[in-house]
Amino acid sequence: MITLDRLLNVLGGYGVRLCGRPEARSARLRSVAMPDASDHHVAGDVLLAVGTCSIDEAVRWAAAARATAVLVRPTRVGADVEREAAAIADRSGVAVLLADPVVSWSQLAGVVYGLVLESRETASGRGPTDLFSLADNLADTIGGAVTIEDRHSQVLAYSRSQQAGDPARLETILGRRVPERVRELFQRQGVFARLAATDEPLFVPADADHGLTGRMAVAVRAGRELLGTVWVSCDSPLTGVHRSALADGARTVALHLLRSRASADFERQVESDLVTRLLEGDADAETVLSRLGLGPRETRVIAVRAHTPDDSHAALLLAFEQATSGFGWSRPGRSALLGDTLYTVLPAEGAETARQWIAALRTELPARVRVTAGVSAPAEAADLPAARQEADECLALHESAEPGAVPPAYDESWDDILLRRLRTAARSGRTPARGPVGTLLRHDQRHGTSFVVTLRAWLESQGDLTVAAERLEVHPNTVRNRLRKMGELVPLDLFDPRRRLAMTIVLAALEDLA
């Protein structure tokens, strides 16, 4: 069961507009209907007005079907058509959804049926509620506790019954994924490799050291693709009708997961397209934000990369799946996967809120996955392309930082980013090589002098010889003598503020070289 508002958020990506009755957005939708010439008593919460281009006729059909909303595909579009639809909606009490004529009815029907009939919320965030019922039925038939997991060993559903359960299963359910130590055990035993290679149920013997009783496992597959696994706690291998029930159950789970994934993937696609438009500079950014359910408020862009030592793609896809898990209205951010980076637009005034989001994402990923991230400064809708660049630069800063460093935010780290830009320019040869700093650097390299570090200390001390000498751990007269010798080598002009600023910038750019 979903609300009309959620349906509109998805259909909005296909150009569908709500005309009139804005209060209907909160209405709950449970059924879909289409006109049928042989059945004049069709009923449903959403009526697809296939067979008419007339808004008047579509609304009459919807009223007869006792529908909350009607989806119409008129022959023309424009402000006058929307005004007419709004007036009819207000008079009739039926919300009118106007579709773009270029979108086919098959596309629209697929979206509406998929969302209204298949998007029932579960504890795992997506998929039909009867996946839990299926786990209960399997447990009753087989006589053991059942857990259904995805291909990443994350829990999708589990049976109420705890018969023959064990500590590892309880920890799996509480943590919503198989504990890492248990995964490593199964990896060493070749359990995952055998599940990937066969559809036959597999018995895994008990292991008291890992809190495991015996269990049967079977792959959930669609064609050759592994979708997940079903696990049943048992003391010995299942045989006869119990083994057949487990195999049949796996095939049923596959159908549920495919339907759930189709619905989830469609929503992800719509969301990703809208977020991409924002980050690339959509002309109507505020409308796109509204479609995403973010509203007119300041947001931050978060750029994330995730990888393991042996795979840089699977971890990123898993991070994207986690970032978009659950229904749109239940998540604070909206995400898109562009290249090798996951971008999330998150309503957040403070950087700490964004860091908490990153930390929550990290906890949902396997321990071996390394996550790096960067956070933009707060941005209005029109500034999101610039915020994306800020997030990218903060991400690069985090990737070069020590392990365990806090993800940087642009409004807190703009100075580090500026210096990074300067160093990048220096490495590409865009700083004056024949200026005074370059000459002093070459002199230091050839003669072992300390002119550059002395000049930096003097500039950073704002010309205070005593402070500069303390930094260098030398006598002030040593600093004075070095400055005199530098002046004999190159024209420093230390009393010219513009020259001092220019030398400070060059020294900052060359900090890793000098």
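Source: prediction; values computed, not measured.
- Counted by atom type alone, D416 and Y410 present zero donor-acceptor pairs between their side chains at under 3.5 Å.
- Residue R28 holds its CZ atom at 11.5 Å from CG of D5, rounded to the nearest 0.5 Å.
- Applying side chain to side chain contact (heavy atoms under 4.5 Å, CB included) to L342 and the options T324, L361, I302, L317 leaves one that passes, L361.
- Applying the ring-ring contact (aromatic ring centres under 6.0 Å, His included) criterion to W61, with sequence neighbours excluded, gives no partner residue.
- Of all heavy-atom pairs between A95 and A24, the closest is CB-CB, 4.0 Å.
- More than 12 heavy atoms of other residues, nucleotides or ligands lie within 6.0 Å of CZ in R181, so this atom counts as buried by the packing criterion.
- Annotation: side chain of V112 is in contact with side chain of L71 (closest heavy-atom distance under 4.5 Å).
- The side-chain heavy atoms of L226 and V220, taken from C-beta on, include no pair separated by under 4.5 Å.
- Within the structure, every pair that satisfies the side chain to side chain donor-acceptor pair (under 3.5 Å) test and touches residues 183-198, not counting sequence neighbours, is listed here: S153-R183.
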Requested in this report: Give the intermediate values and the outcome of side-chain contact (heavy atoms from CB on, under 4.5 Å) for residues S413 and L397.
Outcome: CA-CA 9 Å; S413 307; L397 205 61; 4.1 Å; yes
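- A search for side-chain hydrogen bond (donor to acceptor under 3.5 Å, both in side chains) contacts involving R17 returns E82, not counting sequence neighbours.
- Note that the CH2 atom of W357 and the CG atom of L346 stand 7.5 Å from one another [nearest 0.5 Å].
- Salt-bridge check for D166 with R169: failed, with every basic side-chain N at 4.0 Å or more from each acidic carboxylate O.
- The shortest heavy-atom contact between Y343 and L279 is CB-CD1, 3.5 Å.
- Residue pairs that meet the salt bridge (Lys or Arg N to Asp or Glu O under 4.0 Å) test with at least one member in residues 396-406, sequence neighbours left out, are R305-E399.
- No side-chain heavy atom of D150 sits less than 4.5 Å from a side-chain heavy atom of L227.
- A 4.5 Å side-chain heavy-atom check between L274 and R334 finds every atom pair outside the cut-off.
- Between W231 and S233, the side chains place no donor N or O within less than 3.5 Å of an acceptor N or O (distance only, hydrogens not considered).
- In this structure the side chain of L4 reaches within 4.5 angstrom of the side chain of L29, judged on heavy atoms.
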Query raised in the report: What's the verdict on side-chain contact (heavy atoms from CB on, under 4.5 Å) for F186 and D207, showing C-alpha distance, side-chain angles and the deciding distance?
Result: CA-CA 11 Å; F186 290 162; D207 188 316; over 6 Å; no
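- Scanning for side chain to side chain contact (heavy atoms under 4.5 Å, CB included) contacts around A351 gives R300, R355, A409, E412, with sequence neighbours left out.
- Not a single salt bridge (charged side-chain N to carboxylate O under 4.0 Å, His left out) links R370 to another residue, sequence neighbours left out.
- Among residues two or more places apart in sequence or in another chain, the side chain to side chain contact (heavy atoms under 4.5 Å, CB included) test is passed with A373 by V304, I358, P407.
- Here the closest heavy-atom approach between residue A306 and residue V369 is recorded as CB-CG1, 3.8 Å.
- For the pair S335 (side chain) and T344 (backbone), a donor-acceptor distance under 3.5 Å is absent.
- Applying the side-chain hydrogen bond (donor to acceptor under 3.5 Å, both in side chains) test to D45 and every residue at least two apart in sequence or in another chain returns nothing.
- None of V270, V345, V275 except one satisfies the side chain to side chain contact (heavy atoms under 4.5 Å, CB included) rule with L292; the exception is V275.
- Annotation: side chain to side chain contact (heavy atoms under 4.5 Å, CB included) contacts of A379 (sequence neighbours excluded): D383, L384, A387.
- Note that CG of L11 and CG of D100 are 12.5 Å apart. Values are rounded to the nearest 0.5 Å.
- To the nearest 0.5 angstrom, H152 atom NE2 is 11.5 Å from T229 atom OG1.
- Taking CD of E380 as the reference point, atom CG of L289 lies at 9.5 Å (rounded to 0.5 Å).
- For the pair R251/R221, no side-chain contact is recorded, criterion being any heavy-atom separation below 4.5 Å from C-beta on.
- Note on E390 versus R388: no salt bridge recorded, every NZ/NE/NH1/NH2 to OD/OE distance being 4.0 Å or above.
- With contacts defined as side-chain heavy-atom distances shorter than 4.5 Å, the pair E149/V178 qualifies.
- Evaluation of the side chain to side chain contact (heavy atoms under 4.5 Å, CB included) rule for P201 yields M216, V218, R243, L246 as partners, not counting sequence neighbours.
- Across all their heavy atoms, G214 and A206 have their closest contact at N-CB, 3.6 Å.
- Looking at T252, its side chain does come within 3.5 Å of a backbone N or O of D248 through a donor-acceptor pair.
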Query raised in the report: Stepwise, does the side-chain contact (heavy atoms from CB on, under 4.5 Å) test hold for R291 with R277?
Result: CA-CA 12 Å; R291 285 185 182 177; R277 286 169 57 184; 3.9 Å; yes
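- D411 is listed as a side-chain neighbour of P378, based on a closest heavy-atom distance under 4.5 Å.
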**Report entry** Chi angles and distances behind the salt bridge (Lys or Arg N to Asp or Glu O under 4.0 Å) call for R21, E23
**Finding:** CA-CA 5 Å; R21 294 189 53 76; E23 68 278 8; 3.1 Å; yes
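- Interatomic distance, L185 CG to D209 CG, rounded to the nearest 0.5 Å: 9.5 Å.
- Across all their heavy atoms, D136 and S159 have their closest contact at OD1-CA, 3.2 Å.
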Report task. Take L318 and Q154 through the side-chain contact (heavy atoms from CB on, under 4.5 Å) test and state the conclusion after the steps. Result -> CA-CA 11 Å; L318 181 56; Q154 297 189 90; 3.7 Å; yes
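- At least one donor-acceptor pair closer than 3.5 Å links the side chain of H398 to the backbone N or O of A405.
- Pairing each heavy atom of C394 with each of G374, the nearest pair is CB-CA, 3.6 Å.
- In this view, T299 satisfies the side-chain hydrogen bond (donor to acceptor under 3.5 Å, both in side chains) rule with no residue, not counting sequence neighbours.
- A search for side-chain hydrogen bond (donor to acceptor under 3.5 Å, both in side chains) contacts involving E286 returns nothing, not counting sequence neighbours.
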